[in-house]
Amino acid sequence: MTQPPALPSRTGPDDGAAAAFPARPPAAPPDAQPRPRTLEELEAHLRFAAAAGGLGLWELDVETMELTSSEVCREQFGLRAEQPLSARAVAAAVHPDDMPRVRAAFEQSIAQRQEYAMDHRIRRLDGQVRWLKVRARVHGGTAGHSLRIAGTVQDVTDQTLAERRMQALLQLDDSFRALDEPADMAYAAARLLGEMLAVGRAGYGDIDGTNTVTIYRDWTDLGMSTAAGRHHLPHYGHFYQDLLRGDIVVVNDISTDPRTSGHTSALRAVQAGALVNLPLIEDGRLVAMLFLNHPGPRSWSADELALIRSVAHRTRMAVQRRTAERQLRGLADTLESKVEQRTRELMAAEEALRQAQKMEAVGQLTGGIAHDFNNLLGGIMASLDLMRLRMSQGRHGDLGRCIETAHRSAKRAAALTHRLLAFSRRQTLAPSVVDLNLLVAGLLDLVERTVGPSIAVRFESTAGLWKVRADAGQIENSLLNLCINARDAMPGGGTLRISTAHRVVPPPGPGEPEPAGAAGLPPGDYVTLTVADTGAGMAPEVVERAFEPFFTTKPIGQGTGLGLSMVYGFAQQSGGSARIVSAPGQGTKITLCLPRHAAADGAEPEEDVAGAQASPPAPAPGTDRPAPVLLLVEDEPAMRCTVAEFLRDRGWRVLEAEDGASALEALQGGPAPDLLLTDVGLPGGMNGRQVADAGRALHPRLPVLFITGYAEQAVIGERDLDPGMGVLTKPFDLEVLAARLAAALGA
């Protein structure tokens, strides 16, 4: 048996509704029994019900291959009701791809007398491909009855295509997971659409700003050739504007559609008789297009267009996801090195910003400092010129007054220099016992020059103020930062109040986690330093963030946002805290709270100051005691000669060296000196501390006094000094130098 099953059914005049429902018979007497329906009536009713449900009825005589069928059955094969349907026509209509399984199922059903059930495609006479659900049973074949098979047929095209499309979309998603290249993913989508919709060509192309689509790869069938390459879209019709608007372009027949009828030659050259172009828009710009071409005219159903849109959307999302994943993998490969590099950059930037904060404050002070410094230098130079003039005139009586004026101006200039160096140097200072009243009083002149004449500065000190142990330079830095902020908050002038006070934080009571208003401070005694202004004040949200690093309300270029952060960090590291009280229109008050140093109150020795009583000078030559020997190491000739001459006048024997190498020669080749006086910063690769260490190696008890600029203190470090070592900061009075030398020699 090589023929597929026929689709038989009866085609008599009782196929219609009238035959199915005959005229109503006269009413029977009440006691009469209902008349049983005839076989013809039952068959007519069955045929009507089958037609109403879209079921075609059929029967095939297997021996004669005579097929009978209902009207519905014939309509499902694309025939009119009066046209006959033969078994041969049924076999010819079965889709070639489905014929092998249809034949095998039919033969098995006849041979084993079992139910026949098959879903398959047919190609109707009008060219449409439809899906049919066929169900039948075999009967007869014994006792003189011919072998027959009868059943139903139903058009299930819509349901089958919907299920197949859903299954195809799921399979497409699965295939996307296994693909890595966007081009492969686009091809998989094009192939799915081509096979599902039975078109001749499907593909995906990128569109550039010249209205040109570039197709790298496409799927083809039905004898169509590839369209890979570059195509200028306006050459193929007037549908490009639709694509730019994001509208899908659907053309059933290129010769009748007004958008393509004038470009049929170009379209037929690429074998496109019908087409669908779906635009892909990103950020308002046409970037790509999904296309389908068919070699001849073709109608595109709403379901097919919905499938095209769904595939295009899924493909675009999958490509974007895969692109993002590849970018993330690339970032992950270098993440560690980038994190390390970025960390180094951030640390360098933070250090640079911290230094910039200090230097920014110095820059804001420059105007006033330069004015005062030039005045001081002017006084020194004028005094020296006047001394030269009086000496040339032989008038020596006024020299003392000129010398005193120049000396006083030089000391004031030295004080300014020390202040600036203490403010701008980068090294961390060692904590020391500090009297905040004295510290603030020493800074008042600098503060007044900084804030300008339009702001009144008031200092309200507390008598008998407790001392604190903290970094004095950092306290000065914090105070100047707060004063500069207060100045900026009062551009029209106002009052700046600086005050000191005591504060006691009591221990918490029973059940209290922290005393009210303690601001996180542990119980104990504290000293407060408060800076208050009468400026515009801060909004609550600004107060909340004011201590955050890099937060600033100043315009770009006028602040780093690190000033208050550095103040807060310094207070925290010192065991204290900082807080802000401010409101719009009510000014701002910032308070630093530092722990009291209970063991202080004058316990620390005071530094040498100008005018201090000098110790007795060294013995002069000719006395009973021999003159002490001093090795002076100083690279500045003027400084070295002046100090050496002064000390010789005071009875010292002075050996001079200009660098570390010559100092070592003196230490190794001559008599052992009684004292080493050395600058810290020396040329030749050997600093003063290294000279001192070498001298101590040769003469273990050798006293050493370092003379140094303030910024060079990091080289020796106050805490690293060994017994018998001391430091004197430049510039200094020669009498103070003599006193320190005598004290060192006496020790």
Side-chain angles (χ1 to χ4, degrees), residues 169 172-173 175-177 179-194 196-197 199-220 226-252 254 257-264 266-267 269-272 274-294 300 302-331:
L169 290 176
L172 182 65
D173 291 340
S175 67
F176 284 161
R177 297 187 185 95
L179 297 174
D180 192 59
E181 293 296 331
D184 294 337
M185 301 170 80
Y187 178 78
R191 179 172 182 173
L192 178 142
L193 286 175
M196 287 294 299
L197 303 182
V199 298
R201 183 191 296 126
Y204 178 94
D206 295 327
I207 298 177
D208 59 24
T210 65
N211 306 337
T212 299
V213 59
T214 301
I215 302 170
Y216 298 101
R217 186 182 180 191
D218 56 7
W219 176 90
T220 60
T226 179
R230 292 171 57 84
H231 301 270
H232 192 54
L233 290 176
H235 290 168
Y236 297 97
H238 302 300
F239 52 79
Y240 186 72
Q241 295 301 324
D242 296 338
L243 296 176
L244 288 177
R245 290 192 299 269
D247 298 334
I248 186 172
V249 175
V250 180
V251 176
N252 296 331
I254 63 169
D257 193 294
R259 295 168 295 183
T260 57
S261 59
H263 300 77
T264 55
L267 288 167
V270 293
Q271 301 174 284
L275 58 89
V276 174
N277 294 334
L278 182 68
L280 299 176
I281 307 295
E282 287 185 0
D283 299 328
R285 188 174 66 88
L286 178 64
V287 297
M289 178 183 75
L290 181 69
F291 66 90
L292 291 95
N293 299 155
H294 200 65
W300 308 92
D303 290 341
E304 290 175 335
L305 296 178
L307 175 64
I308 295 171
R309 290 189 179 94
S310 180
V311 169
H313 174 73
R314 290 169 183 253
T315 303
R316 194 62 182 172
M317 292 300 100
V319 168
Q320 290 179 344
R321 182 169 57 251
R322 184 68 74 247
T323 301
E325 290 172 354
R326 296 176 70 177
Q327 292 174 347
L328 286 175
R329 286 199 299 267
L331 290 175

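Computed from a prediction, not measured in an experiment: that's the story for all the values here.
- Proximity of Leu243 to Met289: side-chain heavy atoms (C-beta onward) are separated by under 4.5 Å at one or more points.
- At distances below 3.5 Å, at least one donor-acceptor pair connects side-chain atoms of Arg322 with backbone N or O atoms of Leu179.
- A distance-only check finds no donor-acceptor pair linking the side chain of Ser310 to the backbone of Ala306 [under 3.5 Å].
- In this structure, the side chains of Val287 and Ile281 stay at 4.5 Å or more apart for every pair of heavy atoms.
- Annotation: side chain of Ser261 is not in contact with side chain of Ile254 (no heavy-atom distance under 4.5 Å).
- A salt bridge is absent between Arg309 and Glu304; no separation between the charged side-chain nitrogens and carboxylate oxygens falls under 4.0 Å.
- With rounding to the nearest 0.5 Å, the separation of CE in Met196 from CZ in Arg191 is 13.5 Å.
- Within a 6.0 Å sphere centred on NE2 of His313, heavy atoms belonging to other residues, nucleotides or ligands number 12 at most.
- With rounding to the nearest 0.5 angstrom, the CG atom of Asp218 is 8.5 Å from the CG atom of Asn293.
- Closest heavy-atom contact between Arg201 and Val270: NH2-O, 2.7 Å.
- Between the side chains of Glu325 and Gln320, no donor-acceptor pair of N or O atoms lies under 3.5 Å.
- Between Gly194 and Ala202 the shortest heavy-atom distance is N-CB, 4.1 Å.
- Sequence neighbours left out, not one pair with a member in residues 284-293 passes salt bridge (Lys or Arg N to Asp or Glu O under 4.0 Å).
- Within the 4.5 Å cutoff, side-chain heavy atoms of Leu197 are placed close to those of Leu307.
- Figure legend: Arg259 and Phe239 shown without cation-pi pairing, the cationic atom not lying both under 6.0 angstrom from the six-membered ring centre and within 45 degrees of its axis.
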Inset, instruction - In sequence, state the C-alpha distance, the side-chain angles, and the governing distance for Gln271 and His294, and then conclude on side-chain contact (heavy atoms from CB on, under 4.5 Å). - result: CA-CA 7 Å; Gln271 301 174 284; His294 200 65; over 6 Å; no
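- Pairing each heavy atom of Met185 with each of Ala318, the nearest pair is CE-CB, 3.3 Å.
- Of the candidates Asp242, Leu292, Leu305, Leu305 is the only one forming a side-chain contact (heavy atoms from CB on, under 4.5 Å) with Val250.
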Inset, instruction - Report the C-alpha separation of Leu290 and Leu193 in whole Å, then their side-chain angles, then the decisive distance to 0.1 Å, and conclude whether the side-chain contact (heavy atoms from CB on, under 4.5 Å) test is met. - result: CA-CA 10 Å; Leu290 181 69; Leu193 286 175; 3.6 Å; yes
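- Contact between Ile308 and Leu278 at its shortest, heavy atoms only, is O-CD2, 3.8 Å.
- Considering CG of Leu233 and CD of Gln241, their distance stands at 11.0 Å, rounded to 0.5 Å.
- With values rounded to the nearest 0.5 angstrom, Arg316 atom CZ is found 4.0 Å from Tyr204 atom OH.
- Atoms OH and NE2, on Tyr236 and His231 in that order, are 5.0 Å from each other to the nearest 0.5 Å.
- Remark: side-chain polar atoms of Thr212 are not paired, donor with acceptor, to backbone N or O of Asp208 under 3.5 angstrom.
- Minimum heavy-atom separation, Gly246 to Pro279: C-CG, 3.6 Å.
- Counting heavy atoms from C-beta outward, Ile248 and Val276 have side chains that approach closer than 4.5 Å.
- Distance check, rounded to the nearest 0.5 Å: OG1 of Thr260 to CG of Leu275 gives 6.5 Å.
- At a threshold of 4.5 Å between non-hydrogen side-chain atoms, the residues Tyr240 and Val249 do not count as touching.
- Pairing each heavy atom of Arg326 with each of Asp180, the nearest pair is NH1-O, 3.7 Å.
- In this structure, Val213 and Asp206 have side chains that are not in contact, with every pair of non-hydrogen atoms separated by 4.5 Å or more.
- Under the 4.5 Å side-chain criterion, counting only non-hydrogen atoms from C-beta, Trp219 is not in contact with Thr226.
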